[in-house]
Number of protein chains: 2
Amino acid sequence: MSAAHTPSDQTIFHPRRADLDLVEILRALADPTRLEIVRILAASEEVACGAFGIEATKQNLSHHFRVLRDAGVIASRDEGRNRYSSLRRADLEARFPGLLDGVLGKRSAR
Amino acid sequence: MSAAHTPSDQTIFHPRRADLDLVEILRALADPTRLEIVRILAASEEVACGAFGIEATKQNLSHHFRVLRDAGVIASRDEGRNRYSSLRRADLEARFPGLLDGVLGKRSAR
DNA sequence: ACTATAGTCAAATAACCGTTGTACTAATCA
DNA sequence: TGATTAGTACAACGGTTATTTGACTATAGT
């Protein structure tokens, strides 16, 4: 049996860099709530799930974080009773250079 | 009554540049078939709907072209019994600079 | 131990989306 | 005129997804 996604399990599922799929990532980004999450994460390095000022139930937010994490857009880390998330900038840039900047409205620097 | 999307009507609906919405565009791109259409269009300036080598029924292709067009990703033009489509590069670049290059895997030149 | 907090899981619902089938319009060619 | 071709319109099916409700785990503070 898989032990993925159980709260007591410290090893939260994250896809490896090589497994990142463009369509999955685009689908993850193609939602207003998730796009806002990504924008907030882009502005502030690491944020606890509850610390976003987004109007949504915590279950719904939990769902959106999961979609983003499963797609490889964000990484999550448990600390105490908080789950901190951050953008997987390096991985995204390595696999799809310029994509994140394009989505965030920041033109690639080179 | 709206006369949009009728075959006899030469004025096919295209959203204006100012109305392009990032989430809609991302959603339009977040599909394997549509992404392939965009890649083909990126390689060859203007292509008739039937001239893509994509494995899909014509109804399905028609649907995908409509999604892309409604989102503002492509523009379509009727000529004879063909409908030629092209990428709205300039509009996309103006509203979301670097996005298309990021999706196509072509790093922005500047 | 009790309480509060952060977040997930699971089930249910509703809406959406991709795909297919049938029918249709318009244009080209014989 | 008739036949073919390119593509759309519409309705239907099946699968996916966003959202909500309720219950649960685990941590932290008292």
Side-chain angles (χ1 to χ4, degrees), chain A residues 1-14 21 23-37 46-71 73-86, chain B residues 1-14 21 23-37 46-71 73-86:
Chain A
M1 297 306 175
S2 159
H5 303 309
T6 58
S8 63
D9 190 350
Q10 214 67 345
T11 60
I12 310 167
F13 170 74
H14 293 89
D21 179 58
V23 172
E24 270 187 63
I25 290 175
L26 289 173
R27 189 157 14 185
L29 295 174
D31 177 275
T33 304
R34 291 196 289 265
L35 202 51
E36 192 175 350
I37 291 175
E46 211 184 27
V47 183
C49 294
F52 294 77
I54 300 180
E55 283 261 345
T57 64
K58 59 180 182 178
Q59 301 96 317
N60 194 12
L61 276 188
S62 182
H63 162 70
H64 286 308
F65 280 112
R66 192 186 198 280
V67 173
L68 286 169
R69 191 171 50 245
D70 285 353
V73 177
I74 68 173
S76 301
R77 174 183 68 84
D78 283 338
E79 184 178 312
R81 49 182 168 182
N82 293 322
R83 174 163 290 191
Y84 293 96
S85 293
S86 58
Chain B
M1 297 307 176
S2 160
H5 303 308
T6 58
S8 63
D9 190 351
Q10 214 68 343
T11 60
I12 309 166
F13 170 73
H14 293 88
D21 179 58
V23 171
E24 270 188 61
I25 289 175
L26 289 173
R27 189 157 12 184
L29 296 174
D31 177 275
T33 304
R34 291 196 289 265
L35 202 52
E36 192 175 350
I37 291 173
E46 210 183 28
V47 183
C49 295
F52 294 77
I54 299 179
E55 282 261 346
T57 64
K58 58 182 183 178
Q59 306 95 308
N60 193 14
L61 276 187
S62 182
H63 162 70
H64 287 309
F65 280 113
R66 191 186 199 281
V67 173
L68 286 169
R69 189 171 51 244
D70 285 353
V73 177
I74 68 173
S76 300
R77 174 182 68 85
D78 283 338
E79 184 179 313
R81 48 182 168 182
N82 293 321
R83 175 163 288 190
Y84 293 95
S85 293
S86 58

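Below, chains carry the letters A, B, ... as their sequence lines are ordered, and counting in each starts from 1. Values reported hereafter were calculated over all heavy atoms of this structure, with side chains retained and with hydrogens, waters and symmetry mates removed.
- In this structure, B/Ile12 places its CD1 atom 19 Å from P of C/dT25, rounding to the nearest Å.
- Listed pair A/Arg34 / D/dA18 meets the phosphate criterion, a side-chain N or O lying under 4.0 Å from OP1 or OP2.
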Check the interface with nucleotides 28-30 of chain C: list each N/O to N/O pair with the protein under 3.5 Å, or write none.
none

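- A/Leu35 is listed as a side-chain neighbour of B/Leu26, based on a closest heavy-atom distance under 4.5 Å.
- Take A/Asn82 and apply the side-chain hydrogen bond (donor to acceptor under 3.5 Å, both in side chains) test, not counting sequence neighbours, and it matches A/Tyr84.
- Following rounding to the nearest Å, B/Glu24 (CD) and C/dC16 (P) show an atom-to-atom distance of 13 Å.
- Distance NE2/A/His14 to CG/A/Asp70: 9.0 Å, rounded to 0.5 Å.
- When the side-chain nitrogen and oxygen atoms of B/His64 are compared with OP1 and OP2 of C/dT19, one or more of them lie within a distance under 4.0 Å.
- For D/dT8, one of the phosphate oxygens OP1 or OP2 lies less than 4.0 angstrom from a side-chain nitrogen or oxygen of B/Arg83.
- Counting only heavy atoms from C-beta outward, the side chains of A/Leu61 and A/Ile37 approach each other to under 4.5 Å.
- Remark: B/Asn60 pairs with B/Ala56, B/Thr57, B/His63, B/His64 by the side-chain contact (heavy atoms from CB on, under 4.5 Å) rule, at least two apart or across chains.
- A/Leu26 places its CG atom 14 Å from the P atom of D/dT17, with the value rounded to the nearest Å.
- Between the CG atom of A/Asn60 and the C1' atom of C/dT8 there is a distance of 13 Å, rounded to whole Å.
- Legend: residues meeting side-chain contact (heavy atoms from CB on, under 4.5 Å) with A/Arg81, ordered by chain and number and at least two apart, are absent.
- Residues B/Arg69 and B/Arg83 form a side-chain contact, since some pair of their non-hydrogen atoms from C-beta on lies under 4.5 Å apart.
- Taken to the nearest 0.5 Å, the CD atom of B/Glu46 stands 8.0 Å off from the OG atom of B/Ser85.
- With contacts defined as side-chain heavy-atom distances shorter than 4.5 Å, the pair A/Ser76/A/Phe65 does not qualify.
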Report each atom pair, protein N/O against N/O of nucleotides 22-24 of chain D, whose distance is under 3.5 angstrom.
residue	atom	partner	partner atom	Å
D/dG22	O6	A/Gln59	NE2	3.1

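- Here the shortest heavy-atom pairing between B/Thr33 and B/Asp31 reads N-OD1, 2.9 Å.
- A/Asn82 places its CG atom 9 Å from the C1' atom of C/dT5, with the value rounded to the nearest Å.
- Side-chain N/O atoms of B/Ser62 include none lying less than 4.0 angstrom from OP1 or OP2 on D/dG7.
- Rounded to a whole Å, the CD1 atom of B/Ile37 is 11 Å from the P atom of C/dG18.
- As a whole-Å value, the separation of A/Leu68 CG from D/dA18 P is 10 Å.
- Listed pair A/Thr57 / D/dT19 fails the phosphate criterion, with no side-chain N or O lying under 4.0 Å from OP1 or OP2.
- Atom CZ in B/Arg27 sits about 14 Å away from atom C1' in D/dT16, given to the nearest Å.
- If you check residues 48-56 of chain A against DNA chain C, the residues with a heavy atom closer than 4.0 Å are A/Ala48, A/Cys49, A/Gly50, listed by number.
- Counting all heavy atoms, side chain and backbone alike, A/Ala28 lies closest to A/Val73 at CB-CG2, 4.3 Å.
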